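Input: one structure, supplied below.
Starting from 1, each residue takes its place in the sequence as its number. Heavy atoms only: backbone and side chains are in, while hydrogens, waters and symmetry mates are out. Computed from a predicted model, the values in this text were never measured in an experiment.
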Amino acid sequence: MSDNQRESNSFHLNAVISFLSVLLFLLIAALVARFAYPRIQNQRSADPSRLIGDVIQLEVLNGCGVPGLADQFTTKLREYGFDVVETGNFENFDMKETVVIARSQNRQNAHRVAKALGIADKNILIEKSPDFYLDATLVIGANYENLNIK
């Protein structure tokens, strides 16, 4: 074997060893990060507005006509841990106050949504039916600026 071939083989071997070393370092760093920083979903929060426990599925409907409002609330509710499965517009835009409609047998789910957003108990309605696949519906009214959505 000539000196050029040995140098070429040595260069290739060193390149492969370097690449594998970097890859091993990244894998070890990812493993350490996974254990050092557990996912937020697995942690209990001291913030009472955050959902702790079972996931509540809800729909968010815009009842006051402000463009993009349902999407804004959806983002915040997901940060709180709620599972927003549907968004859209309510049947009209005349809602003066925001309401939560309980759609299942478990009224507590509607109360938890209301509590997270600062909605009064008088604005929790019950409309249960076996046809609903959701726990609750949030209909955003004109008073949306007074809610815990910041």
(message) Run the side-chain hydrogen bond (donor to acceptor under 3.5 Å, both in side chains) test against Glu86 and tell me which residues pass, sequence neighbours left out.
(response)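 With sequence neighbours excluded, Glu86 shows a side-chain hydrogen bond (donor to acceptor under 3.5 Å, both in side chains) to Tyr133, given in chain and number order.
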(message) How long is the straight-line distance from CD of Gln72 back to OG1 of Thr74, given to the nearest 0.5 Å?
(response)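 Between atom OG1 of Thr74 and atom CD of Gln72 there are 10.0 Å.
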(request) Side-chain contact test, heavy atoms from C-beta onward, threshold under 4.5 Å: evaluate it for Val113 versus Asp135 and give yes or no. (result) no
(message) What I'd like to find out is whether the side chain of Val66 reaches to under 4.5 Å of the side chain of Ile140, using heavy atoms alone.
(response)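 SC-SC contact between Val66 and Ile140 ruled out.
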(request) Please report the shortest heavy-atom distance between Phe90 and Gly63, naming the atom on each side. (result)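 Answer, listing the atom of Phe90 first, then Gly63: CB-CA, 3.8 Å.
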(message) Hydrophobic clustering (ILVMFWY, side-chain heavy atoms < 4.5 Å, transitive) - are Phe19 and Val22 grouped together?
(response)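 The answer is no; the residues belong to distinct hydrophobic clusters.
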(request) Could you tell me which non-hydrogen atom of Asn109 sits nearest to which non-hydrogen atom of Ser104, and how far apart they are? (result)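 Minimum heavy-atom contact is ND2-OG, 4.4 Å.
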(request) Check which hydrophobic residues are tied to Leu13 through side-chain heavy-atom contacts below 4.5 Å, counting indirect links as well, and list them. (result)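 Direct or chained contacts put Leu13 with Ile17.
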Listing, residues 93-103 side-chain donor-acceptor contacts under 3.5 Å, not counting sequence neighbours, or none:
| unit_1 | atom_1 | unit_2 | atom_2 | d |
| --- | --- | --- | --- | --- |
| Glu97 | OE1 | Lys122 | NZ | 3.2 |
| Glu97 | OE1 | Asn123 | ND2 | 2.8 |
| Thr98 | OG1 | Gly141 | N | 2.9 |
| Thr98 | OG1 | Asn143 | OD1 | 2.8 |
| Arg103 | NE | Thr137 | OG1 | 2.8 |
| Arg103 | NH1 | Glu127 | OE2 | 2.8 |
| Arg103 | NH2 | Thr137 | OG1 | 3.4 |

(request) With rounding to the nearest 0.5 Å, note down the distance linking CG in Leu61 to CG in Asn89. (result)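 Separation between the atoms: 8.0 Å.
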(request) Using the rule that two of Ile, Leu, Val, Met, Phe, Trp, Tyr join whenever any of their side-chain heavy atoms come within less than 4.5 Å, decide whether Leu69 and Leu147 are in one cluster. (result)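 Looking at the clustering, Leu147 is in the same group as Leu69.
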(request) Using the rule that two of Ile, Leu, Val, Met, Phe, Trp, Tyr join whenever any of their side-chain heavy atoms come within less than 4.5 Å, decide whether Val139 and Leu77 are in one cluster. (result)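 Looking at the clustering, Leu77 is in a separate group from Val139.
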(request) Identify the two heavy atoms, one from Ala136 and one from Ala110, that lie closest to each other, and give their separation to 0.1 Å. (result) CB-CA, 4.3 Å
(request) Determine whether Asn148 and Tyr80 make a side-chain contact, defined as any pair of heavy atoms from C-beta on separated by less than 4.5 Å. (result) yes
(message) How long is the straight-line distance from CG of Leu138 back to OH of Tyr144, given to the nearest 0.5 Å?
(response) 13.5 Å
(request) Please report the shortest heavy-atom distance between His111 and Asp121, naming the atom on each side. (result)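 Distance-wise, the nearest heavy atoms are ND1-OD1, 3.7 Å.
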(request) Any chance you could measure Leu26, atom CG, to Leu31, atom CG, to the nearest 0.5 Å? (result)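 Output value for this atom pair is 12.5 Å.
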(request) Indicate the atoms forming the closest heavy-atom contact of Ala142 with Cys64, along with that distance. (result)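 That closest heavy-atom pairing would be N-CB, 3.7 Å.
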